[in-house]
Amino acid sequence: MDSSAQKFDYVVVGAGSAGCALAGRLSENPRHRVLLVEAGIDDPWIWIRIPTGVAKIVVGSRAMWRFDTEPSPGVNGRALFCPRGKNVGGTANINGMFWVRGDPAEYDHWAALGNAGWAYADLLPVFKRMESYAQGDPAVRGHDGPLVITEYGPRDPLSDAFLKACAQAGIAENPDTNGGNYLGGGLIQMSTRRGLRWSVREAYIRSARKRGNFRLVTGAQVTRLIFDGQRVCGVEWNEGGQVRSATAAREVALAAGSIQSPQLLELSGIGDSARLGNLGIKTRHHLPGVGENLRDHLQARLMLELEGIKTLNEIMPSAWEKARMGLRWLAKRDGLMSVPGATAHAYTKTDPLRAQPDLKLQLHHLSSPDERNPKKLVLDPFPGCSIGMVHQQPASRGSVHARSADPLAPPEIRTNYLTADEDLQTFLKAMKIVRNVTRQPALARYARRELRPGPEIASDAAMTEYIRATIFPSYHPVGTCKMGSDPMAVVDAELRVRGVPGLRVADASIMPTIPASNTNAAAIMIGEKAADLMLAAARADA
């Protein structure tokens, strides 16, 4: 062990959604010295704070890791963009800011899988203490937590037409889809404060940095775990070309996310022994589930050309219209500049006999012939909107693994998108549901024509080809260090890595399934829950 290593009680790897919450909560106890290590910087870039800045963020590398997946046969052999946050705040600084707790029934499913303490009733107090949401029933919503949550407003004509059309199609409005009833539609709730992004950086790290027992190290990419026998006792990182390290008297927690937490485990000799051997990495602990069970949300879109209504298609190319949008935002901190394009959503079932909603519809105030071009956003030259469709619980599963023993090499991401036929069938049903919504009077009054896929795409065979050629990720990877008690589980219900003392994983990689269409709130909850578990262990040892 390096005698020059810095000494702490807890070391948290990754200042993303879960890591910031975890480190922030641990440091609230002045008895514990806490180190948070982040590969990115604490970036003051204004476009991170302004919601519409997402359009600028995603075309560069300043705030993100620009990963790509391996080609997937289910999407016509395409390799797809897989961005991850690289800054203090992590992916919470580059996401769409949607505040979606998730389906209560899915958390109950986690508990039914053998994960005691993870049912929705167990997690509700954690969700409540996280958030500060002015509206909503105080029995189920938090009003004084660190994360400020707001609802999009005002209710503009297009959002109103979409929600009314959903209701006319049988998807009733729900005043609060985070209130325990997941079905129905409403304006999107967001992690924003006064029209600005309010991520985990603002919610947890601002206050933590004022504490003498907390330290944040940035520009520091962790390359391996340090062991004392079989116990993890610290981490080593690269900082400006120099190798540095820190030890943890109590525990190390990985919060590097679903892409990099499994990679770091494998680089440290924790994973499938055969795979590690092929990479030339000595096995410290055989754990075959590391990197497996990758799940992610895909999004298909139907696009309309509109008339009698203004969208971002006309606003963004016009200096005058952008100025008007900006002036409204400066004066009232609302409107389209307060969101990254989407304003309303609705949860429904593709089959009324299903126990849980399996489909989310999402309204975007733009249309594009190349909507997910990672280099440039191209808009149609006329008013348009998109309705996204997200399958809530995809059956297709992939993997994330170290590509080599080089800790600076990007991992190998195999998504296997749409390789399970039931996923494709859900999207075929979703397209029919969305087309029915667009025919309802509230939205039909503005819809000039269906742009994409277009009325000529009518058969299931033609729609299948359209979906495979155009569908794209929602960037919600989870599950690669899944929680459970089966042979492929990586962590137990207390997030301890099985067979490796001193080490926990606390991020979206521990999710056995995807609890919602958007995963940020759930990831933050995991960080909060991990802090509870680790502090309880410390009290038990005292």
Side-chain angles (χ1 to χ4, degrees), residues 12-14 16-23 25-26 84 90-92 101-103 106-120 122-123 126-127 130 200 225 232 251-266 268 270-271 285 287-297 393 397-401 411 476-500 502-516 518-534 536-537:
V12 179
V13 178
S17 298
C20 285
L22 171 56
R25 291 301 193 190
L26 290 174
R84 297 285 87 197
T91 305
R101 285 182 178 178
D103 186 349
E106 199 57 39
Y107 293 116
D108 291 343
H109 181 210
W110 290 9
L113 291 172
N115 298 300
W118 291 86
Y120 183 69
D122 302 314
L123 301 176
V126 183
F127 279 120
M130 288 161 50
V200 288
L225 302 171
V232 171
E251 294 185 85
V252 172
L254 295 188
S258 294
I259 303 301
Q260 288 160 296
S261 282
Q263 180 189 24
L264 186 53
L265 286 174
E266 290 183 332
S268 303
I270 303 169
H285 181 64
L287 205 56
V290 170
E292 297 298 311
N293 192 51
L294 173 65
R295 302 186 187 210
D296 192 10
H297 282 136
Q393 286 298 337
R397 303 186 194 185
S399 63
V400 176
H401 292 292
H476 299 153
V478 308
T480 51
C481 299
K482 80 166 185 173
M483 174 174 60
S485 55
D486 62 277
M488 295 300 285
V490 176
V491 301
D492 64 14
E494 295 199 358
L495 307 185
R496 298 170 297 198
V497 176
R498 293 185 170 278
V500 186
L503 180 63
R504 302 197 200 217
V505 179
D507 56 35
S509 70
I510 68 95
M511 298 182 187
T513 63
I514 309 182
N518 302 86
T519 51
N520 187 239
I524 299 170
M525 175 275 293
I526 289 167
E528 288 258 8
K529 175 85 169 177
D532 288 348
L533 295 169
M534 292 167 71

- Taken to the nearest 0.5 Å, the spacing of N293 CG from M488 CE works out to 8.0 Å
- Task: May I ask you to test the M511-W110 pair for a side-chain heavy-atom distance under 4.5 Å?
- Result: yes
- Message: Determine whether a donor-acceptor pair (N or O, by modelled atom type, separation under 3.5 Å) exists between the side chain of K529 and the backbone of W118.
- Response: no
- Message: Rounded to the nearest 0.5 Å, what separates atom CD in E266 from atom CG in L287?
- Response: 10.0 Å
- Would E292 and H401 count as a side-chain contact (heavy atoms from CB on, under 4.5 Å) if you check the C-alpha gap in whole Å, the side-chain angles of each, and the deciding distance to 0.1 Å? CA-CA 8 Å; E292 297 298 311; H401 292 292; 2.6 Å; yes
- Task: For the pair N520 and T91, evaluate side-chain contact (heavy atoms from CB on, under 4.5 Å) and give the outcome as yes or no after the intermediate values.
- Result: CA-CA 8 Å; N520 187 239; T91 305; 6.0 Å; no
- Item | Rounded distance [0.5 Å steps], CG in L503 versus CD in E251 | 8.5 Å
- Message: As an exercise, state the distance from SG of C481 to CD1 of I510, rounded to the nearest 0.5 Å.
- Response: 9.5 Å
- Message: Any heavy-atom pair between the side chains of L533 and R504 that's under 4.5 Å?
- Response: yes
- Query: Is the shortest heavy-atom distance from the side chain of H109 to the side chain of P512 under 4.5 Å?
  - Reply: no
- Task: Anything under 30° is parallel, anything over 60° is perpendicular, the rest tilted; go ahead and classify Y120 against F127.
- Result: tilted
- Query: Quick one: are S261 and T480 in side-chain contact, heavy atoms under 4.5 Å?
  - Reply: no
- Is there a side-chain contact between Q260 and Q263, using heavy atoms and a 4.5 Å cut-off? yes
- Task: Enter the distance from M130:CE to R101:CZ here, rounded to the nearest 0.5 Å.
- Result: 8.0 Å
- For the student: nearest non-hydrogen atoms of S258 and V400, plus distance: O-CG2, 4.0 Å
- Task: Indicate the atoms forming the closest heavy-atom contact of S485 with R498, along with that distance.
- Result: CA-NH2, 3.3 Å
- Note on the structure: Heavy atoms of A516 and G102 approach each other most closely as CB-CA, 3.2 Å
- Task: Considering non-hydrogen atoms only, spot the tightest contact between A23 and V12 and give its length.
- Result: CB-CG2, 4.2 Å
- Message: Using side-chain contact (heavy atoms from CB on, under 4.5 Å), reason through L495 and V505 one step at a time and then give a plain yes or no.
- Response: CA-CA 6 Å; L495 307 185; V505 179; 5.9 Å; no
- Taking the side chain as every heavy atom from C-beta outward, state whether N115 and Y107 have any pair of such atoms under 4.5 Å apart. no
- Item | Minimum-distance pair of heavy atoms, taken over all atoms of M534 and A253 | CE-CB, 4.2 Å
- Query: Can you name the nearest heavy-atom pair linking G257 to P262, along with the distance?
  - Reply: O-CD, 3.7 Å
- Task: Please test L22 against D507 for side-chain contact (heavy atoms from CB on, under 4.5 Å), starting from the C-alpha separation and ending with a verdict.
- Result: CA-CA 10 Å; L22 171 56; D507 56 35; over 6 Å; no
- Taking C-beta and beyond as the side chain, do L225 and V500 meet within less than 4.5 Å on heavy atoms? no
- Query: Less than 4.5 Å apart, any side-chain heavy atom of V490 and any of L265?
  - Reply: yes
